[in-house]
Amino acid sequence: MLFDIKTTPVEYAYFYGYSKASFNKNKYVCYMEKNLQHLVTLLQNIKGSSTFIVSGSEKLILPGLRIKGFGEVSFPINKNQSQSLISISKKAPFGKGSKTIYDESIRKVQEIDAASISFHNPEWIPFLERIVAKVKKGLGIDKEKSVNANLYKLLIYEPDSFFLPHKDSEKEKGMFGTLIIGLPSQHTGGELKVSFDNRTNTIDFSETINSYEMPYTAFFSDCLHEVKAVTSGYRICLVYNLVSINSTSQIKSPKFSLLQNEIAELLLASTEKFQELPKAILLGHEYTPANFSLSNLKGHDKPRAEALLNAVNQSGYHASLALVTHYQYGQLESDYYYYNYGRSKEEPEIQGTMGEIIEENSYIEHWDKNTPGLGELHLEQNHIIANLNLGEGNPTEKEEEGYTGNAGMTIEY
């Protein structure tokens with residue numbers, strides 16, 4: 001069985017296993033056989049702060065959006081404005097090979113070309129730049145790469161409008177993805193479903209209409225995506241081409257399926273080892289119980305977690321997320337004379353460090369609420385797969401016990 005975990009004072013982790021055991025009291029060291037070390041290496045090769053799609057929202061600003069033949073658009077966009085926009089728009093086509101086709105059984109939506117659109121609020125440019133910066137970070141694009149968002153169309157989805165699954169074509173040199181910004185207009189339906197490498201995300205712009213925010217989402221061009229039928233109101237959005245500027249290397253979507261297959265094969269090859277003991281695979285960030293979930297994983301943790309979860313499904317194990325806490329109790333090392341005679345009333349009583357360790361253990365109390373857990377679970381050193389030593393570095397929390405007369409001073413990490 002495979003379960004997944006995370007560490008509060010040290011790292012996030014995946015945990016797999018089913019038995020309980022006590023942690024020995026010797027100094028923790030990560031001992032790993034060759035195949036388990038290779039598992040850590042495979043996970044470290046997966047990079048990116050998200051995967052193939054990023055989404056979010058920004059505080060609503062008035063962009064000063066003007067459209068030729070219409071004038072300035074006021075927000076939120078009401079029914080009368082939406083219908084007036086449709087009256088000056090045209091039916092949106094789609095590409096099939098080298099042909100441009102109009103077929104409302106495949107795509108039913110109205111569009112207005114970028115040439116007819118202008119923005120007159122000077123705050124719109126920095127607003128767009130903030131979104132692009134978040135998109136770059138979310139998609140794992142190197143900071144050194146320059147990315148532009150070039151306006152392509154304004155799209156209007158009225159009731160029963162939709163677009164069946166498709167991929168975006170490269171509309172200009174250097175294009176690697178698409179950015180969509182939702183304009184505030186009351187509607188239901190029209191969810192965007194984006195799929196890549198056996199994973200699917202669903203984005204619903206209708207949820208932000210009452211929160212005075214402007215939603216956005218961005219994804220790589222080779223992602224399959226569709227827009228579900230709008231059931232009421234009007235879904236109106238700006239579509240931008242994401243273009244890499246002055247880059248010698250093409251920006252590509254992060255395809256993890258090959259690494260996932262390697263991880264699955266490694267798990268299958270290590271079945272006997274994994275049946276002997278539970279295993280915890282540590283990742284790279286700390287979390288608190290309050291913000292602990294798959295969607296809140298930081299940096300490279302999320303794609304690595306997703307890759308491992310997919311590999312687990314392939315290989316017949318089970319995975320759960322949890323928090324690993326590493327605890328140390330030992331002798332307090334400090335300057336006795338300084339604190340006994342030289343300390344002022346304003347200074348803390350003790351400011352020391354851990355000396356000889358008396359007790360040390362790793363355990364799990366908090367499990368991801370979306371996956372089954374095993375209650376309180378203690379881990380031995382050979383349960384944990386990682387390339388670090390638990391208990392080293394600065395603790396997340398520490399508590400000191402001062403002078404007690406006959407007994408020595410102690411400290412907890």
Next item on the list: Taking the side chain as every heavy atom from C-beta outward, state whether Arg107 and Phe163 have any atom pair closer than 4.5 Å.
Entry: yes
Item checked: Minimum-distance pair of heavy atoms, taken over all atoms of Ser362 and His326 -> OG-ND1, 2.6 Å
Checklist line | side chain to side chain contact (heavy atoms under 4.5 Å, CB included) evaluation trace for Ile203 with Ile53 | finding: CA-CA 10 Å; Ile203 308 299; Ile53 183 172; 4.1 Å; yes
Margin query: Atom CG of residue position Leu164 - does it have more than 12 heavy atoms of other residues, nucleotides or ligands inside 6.0 Å?
Written below: yes
Next item on the list: Among Gln81, Lys79, Gln83, find the residue that satisfies the side-chain hydrogen bond (donor to acceptor under 3.5 Å, both in side chains) test when tested with Tyr234.
Entry: Gln83
Checklist line | Under 3.5 Å: donor-acceptor pair, side chain of Thr208, backbone of Met214 | finding: no
Check: Does any donor atom in the side chain of Tyr327 or Glu412 lie under 3.5 Å from an acceptor atom in the other side chain?
Finding: yes
Check: In this structure, are over 12 heavy atoms from other groups packed under 6.0 Å from Glu399 atom CD?
Finding: no
Margin query: Checking the side chain of Lys136 only, and the main-chain atoms of Lys145 only, is there a donor and an acceptor separated by less than 3.5 Å?
Written below: yes
Notebook entry, point to check: Just by modelled atom types, is the Lys108 backbone N or O under 3.5 Å from a matching donor or acceptor in the Ser161 side chain?
Noted result: yes
Next item on the list: Might you point out which heavy atoms bring Glu333 and Met354 nearest each other, and give the distance in Å?
Entry: OE1-O, 4.3 Å
Note to self: Closer than 3.5 angstrom, by distance alone: can the side chain of Tyr216 be matched with the main-chain N or O of Ile131 as a donor-acceptor pair?
What the structure shows: no
Next item on the list: Report yes if some heavy atom in the side chain of Ile112 is under 4.5 Å from a heavy atom in the side chain of Phe70; otherwise report no.
Entry: no
Check: Which distance, rounded to the nearest 0.5 Å, do you find between the CG of Leu139 and the CZ of Phe52?
Finding: 10.5 Å
Notebook entry, point to check: Are the side chains of Phe205 and Thr217 in touch, meaning some heavy atoms are under 4.5 Å apart?
Noted result: yes
Item checked: Residue pairs passing the salt bridge (charged side-chain N to carboxylate O under 4.0 Å, His left out) test where at least one lies in residues 159-168, sequence neighbours excluded -> none
Check: Is Met175 close to Ser221 at the side-chain level, that is, under 4.5 Å between some pair of heavy atoms?
Finding: yes
Next item on the list: Taking all non-hydrogen atoms of both residues into account, name the closest pair between Ser232 and Val230 and its distance.
Entry: O-CG1, 3.4 Å
Check: From Glu376 CD over to Trp367 CH2, what is the distance, rounded to the nearest 0.5 angstrom?
Finding: 11.0 Å
Notebook entry, point to check: Going from NE2 on His366 to CG on Leu323, what distance comes out if it is rounded to the nearest 0.5 angstrom?
Noted result: 6.0 Å
Note to self: Give me the atom names and distance for the closest heavy-atom approach of Gly69 to Ile88.
What the structure shows: O-CG2, 4.2 Å
Check: When you look at Leu65 and Leu154, which way does the side chain to side chain contact (heavy atoms under 4.5 Å, CB included) test go after all the steps?
Finding: CA-CA 11 Å; Leu65 173 61; Leu154 183 145; 4.2 Å; yes
Next item on the list: Enter the distance from Cys237:SG to Ile181:CD1 here, rounded to the nearest 0.5 Å.
Entry: 10.0 Å
Notebook entry, point to check: Can you pull the salt bridge (charged side-chain N to carboxylate O under 4.0 Å, His left out) pairs that have at least one residue in residues 148-159, sequence neighbours excluded?
Noted result: Glu111-Lys153, Asp113-Lys153
Notebook entry, point to check: Can you tell if the side chain of Thr200 reaches within under 4.5 Å of the side chain of Lys193, non-hydrogen atoms only?
Noted result: yes
Checklist line | Atom pair CD1/NZ of Ile245 and Lys173 - distance to nearest 0.5 Å | finding: 10.0 Å
Notebook entry, point to check: Between Leu183 and Phe75, what is the shortest heavy-atom contact and its length?
Noted result: CD2-CZ, 4.1 Å
Next item on the list: Check whether any side-chain N or O of Asn148 sits under 3.5 Å from a backbone N or O of Asn150 as a donor-acceptor pair, and report yes or no.
Entry: no
Checklist line | Inter-residue atom distance Phe94.CZ - Thr100.OG1, 0.5 Å rounding | finding: 9.5 Å
Margin query: side chain to side chain contact (heavy atoms under 4.5 Å, CB included) for Leu128 and Tyr240? Distances and angles first, verdict last.
Written below: CA-CA 10 Å; Leu128 185 60; Tyr240 289 82; 3.8 Å; yes
Margin query: Would the distance check show the side chain of His187 and the main-chain N or O of Ser185 forming a donor-acceptor pair, the cut-off being under 3.5 Å?
Written below: yes
Next item on the list: Using the side chain to side chain contact (heavy atoms under 4.5 Å, CB included) rule, take Leu151 and Phe119 through it: C-alpha gap first, then chi angles, then the decisive distance, then the call.
Entry: CA-CA 11 Å; Leu151 183 63; Phe119 300 92; 3.9 Å; yes
Checklist line | Min side-chain heavy-atom separation Glu213-Lys59 under 4.5 Å | finding: no
Checklist line | Heavy-atom side-chain proximity of Arg235 to Val227 below 4.5 angstrom | finding: yes
Margin query: Test your reading of the model: is there a side-chain donor-acceptor pair from Asn121 to the backbone of Glu123, 3.5 Å cut-off?
Written below: yes
Next item on the list: Taking the side chain as every heavy atom from C-beta outward, state whether Ile358 and Gln331 have any atom pair closer than 4.5 Å.
Entry: yes
Notebook entry, point to check: Which atom pair, heavy atoms only, marks the closest approach of Val135 to Val54?
Noted result: CA-CG1, 3.8 Å
Check: Can the ring centroids of His225 and Phe219 be said to lie less than 6.0 angstrom from one another?
Finding: yes
Check: Can a donor-acceptor pair be found between the side chains of Thr188 and Thr231 at a distance below 3.5 Å?
Finding: yes
